[in-house]
Amino acid sequence: QVQLVESGGGLVQSGESLRLSCAASGKTSNWYRLGWFRQHPGKEREFVATISWWRGIENYADSVKGRFTISRDTAKNTAYLRMNSLKPEDTAVYYCAAAQKVAVVTTPREYAYWGQGTRVTVSS
């Protein structure tokens, strides 16, 4: 079992930055990939970014490429999502998730473990 806890969400103005954290505990040796997803009100959860836990290879959704950066600290069992140049359309609940997948996967169903989410609100 893996537990994930997100933090770092909040209210910011358009153009500002936030860094989200995802602290993992439990049997982290069983998974190979961590992803960030977000969910806008009334919409399905969508892929934001993913990183291979041991190799550190990153992949991003086109909507955030160049503005967001995913990273991880394997010693701390913590992943991060640095979000720059935030826009009102980035407003959502952000979730981190872990997958036992070596290949790049971007759909929620591929991720077995989920955090509770952290809310990000970007005002215009």
Side-chain angles (χ1 to χ4, degrees):
Q1 193 73 10
V2 175
Q3 294 80 42
L4 302 172
V5 179
E6 302 96 335
S7 61
L11 171 64
V12 296
Q13 293 189 333
S14 182
E16 293 184 339
S17 300
L18 274 178
R19 189 181 77 160
L20 306 182
S21 299
C22 175
S25 60
K27 296 187 73 174
T28 57
S29 60
N30 288 344
W31 49 280
Y32 300 100
R33 174 166 302 285
L34 188 127
W36 285 96
F37 291 79
R38 66 187 181 186
Q39 190 163 18
H40 299 96
K43 296 191 176 182
E44 294 186 353
R45 204 163 292 188
E46 67 176 22
F47 168 72
V48 174
T50 186
I51 189 167
S52 56
W53 189 254
W54 301 112
R55 298 184 67 187
I57 298 172
E58 308 158 28
N59 293 86
Y60 298 92
D62 288 342
S63 59
V64 306
K65 201 173 293 183
R67 299 189 298 125
F68 290 11
T69 303
I70 188 172
S71 61
R72 88 276 186 254
D73 185 331
T74 56
K76 295 182 179 180
N77 274 350
T78 301
Y80 305 95
L81 184 68
R82 176 69 178 183
M83 307 184 293
N84 295 329
S85 302
L86 282 162
K87 305 175 182 179
E89 51 264 44
D90 294 318
T91 294
V93 177
Y94 284 72
Y95 298 89
C96 67
Q100 295 174 304
K101 303 282 185 179
V102 175
V104 176
V105 288
T106 61
T107 55
R109 67 175 182 270
E110 300 284 0
Y111 289 77
Y113 307 102
W114 290 84
Q116 82 290 348
T118 185
R119 185 175 300 276
V120 173
T121 304
V122 185
S123 64
S124 57

Indicate every side-chain donor-acceptor pair of residues 7-23 with a distance under 3.5 Å to a residue at least two apart or in another chain.
from: Ser14; atom 1: OG; to: Leu86; atom 2: O; distance (Å): 3.4
from: Glu16; atom 1: OE1; to: Gln13; atom 2: N; distance (Å): 3.0
from: Ser17; atom 1: OG; to: Asn84; atom 2: OD1; distance (Å): 2.9

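- Atoms NZ and OG1, from Lys101 and Thr106 in turn, are 12.0 Å apart once rounded to the nearest 0.5 Å.
- Atom CZ of Arg72 is separated from atom CH2 of Trp54 by 8.5 Å, given to the nearest 0.5 angstrom.
- Nearest heavy atoms, His40 versus Glu89: NE2-O, 2.9 Å.
- Under the 30°/60° scheme for interplanar angles, the aromatic rings of Phe37 and Trp114 are found to be tilted.
- Under the 3.5 Å distance criterion, the side-chain polar atoms of Arg82 are left unmatched by any main-chain donor or acceptor of Thr69.
- Rounded to the nearest 0.5 Å, atoms OG1 (Thr74) and CG (Leu34) are 12.5 Å apart.
- Criterion: ILVMFWY side-chain heavy atoms under 4.5 Å apart, direct or through other members. Under it, Tyr32 and Val105 are not part of a common hydrophobic cluster.
- Taking the side chain as every heavy atom from C-beta outward, Tyr80 and Asp73 approach each other to under 4.5 Å.
- Between atom CD of residue Gln116 and atom CD of residue Gln3 there is a gap of 12.0 Å, rounded to the nearest 0.5 Å.
- Between atom CZ of residue Phe47 and atom CZ of residue Arg38 there is a gap of 11.0 Å, rounded to the nearest 0.5 Å.
- Applying the ring-ring contact (aromatic ring centres under 6.0 Å, His included) rule to Phe68 yields no partners; only residues at least two apart in sequence or on another chain are considered.
- Linking ILVMFWY residues whenever their side-chain heavy atoms come closer than 4.5 Å, directly or via other members, leaves Tyr111 and Trp53 in distinct clusters.
- When all heavy atoms of Leu81 and Ala49 are compared, the pair lying nearest together is CD1-CB, 4.3 Å.
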Which pairs would a plain distance check flag for residues 60-67, meaning a side-chain donor or acceptor within less than 3.5 Å of a matching protein atom at least two apart in sequence or in another chain?
from: Tyr60; atom 1: OH; to: Glu58; atom 2: OE1; distance (Å): 2.6
from: Tyr60; atom 1: OH; to: Ile70; atom 2: N; distance (Å): 2.9
from: Asp62; atom 1: OD1; to: Lys65; atom 2: NZ; distance (Å): 3.2
from: Arg67; atom 1: NH1; to: Ser85; atom 2: O; distance (Å): 3.0
from: Arg67; atom 1: NH1; to: Asp90; atom 2: OD2; distance (Å): 2.7
from: Arg67; atom 1: NH2; to: Ser63; atom 2: O; distance (Å): 3.0
from: Arg67; atom 1: NH2; to: Asp90; atom 2: OD1; distance (Å): 3.0
from: Arg67; atom 1: NH2; to: Asp90; atom 2: OD2; distance (Å): 3.4

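- For the pair Ala98 and Leu4, the tightest heavy-atom approach, listed with the atom from each and the gap, is N-CD1, 3.7 Å.
- Formation of a donor-acceptor pair under 3.5 Å by the Tyr95 side chain with backbone atoms of Glu6 is not found in this model.
- Note on Val2: it clusters hydrophobically with Val102, by side-chain heavy-atom contacts below 4.5 Å among ILVMFWY residues.
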